[in-house]
Amino acid sequence: MNHPLAVAFLLSALVTAPAYADARGDARRQVEFGIAVAQKGLWREAIYRWQRATELDPTFAQAFNNLAIAHEHEGELDKARAAYEKALQIEPSNPLIKQNFDLFKEINDRIGRKDGR
Amino acid sequence: MIALGARTVASFILIAAASGCSVGYVEIPLETPIQPKIDVRPFSRVFVAGFITAGSEEVDGNLETVRLLRSQLRNKAGALRVIDADALALADLAAPDNGAAPTGATSGAAGSPPPPAQATGDTTVSDETAFAAYDKIFADKDYWKKVGEELQQPLIVTGTILFRPQQRSGFVQRERETFDSLGRRRVEPERTYQERKGFILRPSFIFIDGRTGETLHTETFREEILYNANQTTPPLSSYFELMDRLLPSFLNTLTAQKVRGSRTLLK
């Protein structure tokens with residue numbers, strides 16, 4: 001009784017997996033290219049690549065994380081926050097994303113640190 | 001057999017998925033630019049005009065702050081030229097019982113050049129609660145417009161500085177080093193009652209448009225420091241230590257700053 005179910009599950013997995021793998025594979029290539037250009041200081045190009053990656057695969061937390069960092073580099077702090085939040089929404093327990101976001105928040109706190117009289 | 005095959009394939013898919021999720025990473029240095037809070041493009045000059053101060057009489061909060069901010073702005077304010085005119089004796093000008101308080105057209109002071117601090121002496125008020133009585137000078141557009149006209153319409157920085165001693169006693173946690181009978185070192189947290197003294201610094205910086213006399217931005221900070229009661233630290237040294245903490249935020253009001261750090265890019 002279980003066998004037909006298992007076969008059906010496997011078949012559906014095999015049918016959908018290539019499409020997912022293609023999207024993730026393309027997104028991964030964009031992410032890696034983005035990292036390479038960011039390391040050369042070409043952050044606008046990196047933003048374009050990581051944005052493309054998030055469009056190809058909207059569940060790719062790493063792409064959102066990198067996009068957030070690039071926005072930080074460009075001083076676009078609202079966009080950086082949105083991207084970090086998206087990355088953490090996808091992977092809430094990823095320690096590296098959490099660490100990046102904490103460092104980002106520390107800067108934000110420093111900017112806003114004041115005491116109203 | 002089919003079930004076994006399904007399990008094998010499922011395991012394969014899981015391993016493949018897991019390996020696909022394995023995260024490579026690259027740490028990268030990052031300089032985050034922080035945009036200034038005020039658009040200073042209309043100004044070519046900045047004038048740190050002076051401050052009304054309260055608290056410790058051992059530190060001249062007005063002159064020390066004017067000196068410190070001017071030197072910082074000279075190095076870090078980019079295209080803004082720092083005006084080296086004498087600091088204003090704002091407490092004297094704005095004293096509640098001073099009939100010559102500068103209230104624009106109704107006052108004689110508005111028509112005359114601002115007197116320098118050195119000429120009029122003390123700029124310290126009795127305590128911080130007295131600051132409110134002096135607020136009118138910061139809102140006096142005509143006065144600041146006049147000051148601006150004298151100095152080619154700069155951006156004007158003024159405000160209040162509270163720097164006062166504080167004393168606090170209570171339990172603090174510190175680490176205690178002990179050695180057991182075998183000579184092994186141990187460090188344990190220990191709560192002890194301590195008398196401590198230090199200082200509170202609470203500056204309020206007001207940025208005024210020298211063309212119109214209008215306040216553009218106000219920013220208030222609070223910093224404090226406490227030392228062991230036995231420790232003797234000169235008030236001026238504490239003042240600089242506390243100012244040092246808030247200078248980046250002060251400068252960021254006028255100039256773009258870069259915060260250095262690093263982040264982790266993920267593959």
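Labels below follow one simple rule: chain letters A, B, ... track the order of the sequence lines, proteins then strands, and each chain is numbered from 1. Quick caveat: nothing in here was measured; it's all calculated off a predicted structure.
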Practice prompt. Taking the side chain as every heavy atom from C-beta outward, state whether L162(B) and P203(B) have any atom pair closer than 4.5 Å.
Written response: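 Not touching, per the 4.5 Å side-chain cut-off.
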Discussion item. According to ring-ring contact (aromatic ring centres under 6.0 Å, His included), who are the partners of Y84(A), at least two apart in sequence or on a separate chain?
Written reply: F101(A), F104(A)
Discussion item. List the residues meeting ring-ring contact (aromatic ring centres under 6.0 Å, His included) with F33(A), not counting sequence neighbours, and say none if there are none.
Written reply: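 Partners of F33(A) under the ring-ring contact (aromatic ring centres under 6.0 Å, His included) test: none.
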Item to complete: Without swapping roles, check the side chain of R70(B) against the backbone of V48(B) for a donor-acceptor pair under 3.5 Å.
Response: yes
Fill in: Portion of S262(B) that has a non-hydrogen atom of chain A nearer than 4.5 angstrom
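For S262(B), the backbone is the part near chain A, not the side chain.
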Worksheet item: Does any heavy atom of chain A fall under 4.5 Å from the side chain of L265(B), the backbone, both, or neither of them?
Response: both
Worksheet entry | Region of N65(A) in contact with chain B, defined by heavy-atom distances below 4.5 Å |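 Interface part for N65(A): side chain.
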Worksheet item: Non-hydrogen atoms of chain B under 4.5 Å away: do they reach the side chain of Q99(A), the backbone, both or neither?
Response: side chain
Practice prompt. Name the option with the most non-hydrogen atom pairs under 4.5 Å to chain B; the candidates are L103(A), I97(A), V31(A), N100(A).
Written response: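 Top option by heavy-atom pairs under 4.5 Å: N100(A).
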Discussion item. Tell me whether E45(A) is salt-bridged to K40(A), with the criterion being a basic N under 4.0 Å from an acidic carboxylate O.
Written reply: no
